[in-house]
Amino acid sequence: QVQLVESGGGLVHPGGSLRLSCAASGFGLETYAVGWFRQAPGKEREAVSCINNRYDSTYYRDSVKGRFTASRNNANSTVYLQMSSLKPEDTAVYYCAAARVLCRVLVAGKFLRGYWGQGTQVTVSE
């Protein structure tokens, strides 16, 4: 079965850290850019980060720069999002998406063919 599966979400205190994983099954990620998106209740989905398949170049939205780091391990078809110094406003369902496009296209959501994961909840609260 071809799918992306996220894991690693949970409840964390402000200032804490989490590492999200996005694992591909049924296909390899080596030719795909992989992005992370999030959607908080009552808000639109927004792109958080993306890592290209070439040179591992990355994109981060301004509000997470310096706190979040994306990385990939093509050998096990997994992409990671290390999140540190978490804030309550980071609370959301986080989704990963993979597509054979550049990150600047993927983060804009302007891809016709790709894969989405089912999402993992991240809650930052006292």
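Keep in mind that what you see is a predicted model, and the values were worked out from it rather than measured.
Closest approach of V12 to S17, counting heavy atoms only: CG2-N, 3.8 Å. Nearest approach of R38 to A92, heavy atoms of both residues: CB-CB, 3.7 Å.
Note that CG of L102 and CZ of F111 are 13.0 Å apart. Values are rounded to the nearest 0.5 Å. From N52, atom CG reaches atom CZ of R104 across 9.5 Å, with rounding to the nearest 0.5 Å. The line from CD of E6 to OH of Y95 is 8.5 Å long, rounded to the nearest 0.5 Å. Rounded to the nearest 0.5 Å, atoms CD (E30) and OG (S77) are 6.0 Å apart. How far OH of Y80 is from OG of S49: 15.0 Å, rounded to the nearest 0.5 Å. One distance of note links CG of L4 with OG of S21; it measures 12.0 Å at 0.5 Å rounding.
Remark: side-chain polar atoms of R72 are paired, donor with acceptor, to backbone N or O of L29 under 3.5 angstrom. Judged by distance alone, the side chain of H13 and the main-chain N or O of V124 form no donor-acceptor pair under 3.5 Å.
Residues M83 and I51 fall within the same hydrophobic cluster, defined by Ile, Leu, Val, Met, Phe, Trp and Tyr side chains chained together at heavy-atom separations under 4.5 Å. Following chains of ILVMFWY side-chain contacts shorter than 4.5 Å, one cannot reach Y115 starting from L106, and the two form parts of different hydrophobic clusters. Both V2 and V79 sit in one connected hydrophobic cluster of ILVMFWY residues. Membership requires side-chain heavy atoms under 4.5 Å apart, directly or through other members. Both L86 and Y60 belong to a common hydrophobic cluster when Ile, Leu, Val, Met, Phe, Trp and Tyr are linked at side-chain heavy-atom distances under 4.5 angstrom.
Checked by atom type, the side-chain pair Q121/T123 shows a donor-acceptor distance below 3.5 Å.
For R67, the side chain to side chain contact (heavy atoms under 4.5 Å, CB included) partners two or more places apart in sequence, or in a different chain, are V64, S85, K87, D90.
With a 4.5 Å cut-off on side-chain heavy atoms, T78 and C22 do not count as touching. In this structure, T120 and L20 have side chains that are in contact, with non-hydrogen atoms separated by less than 4.5 Å. Here the side chains of L18 and Q82 are not in contact, with every heavy-atom distance at 4.5 Å or above. Looking at heavy atoms from C-beta onward, R100 lies out of side-chain contact with R113 at the 4.5 angstrom threshold. Side-chain contact between P88 and P14 is present, with at least one heavy-atom pair separated by less than 4.5 Å.
Contacts classified as ring-ring contact (aromatic ring centres under 6.0 Å, His included) and involving residues 30-53 (residues at least two apart or in different chains) are given here: F27-Y32, F37-W116.
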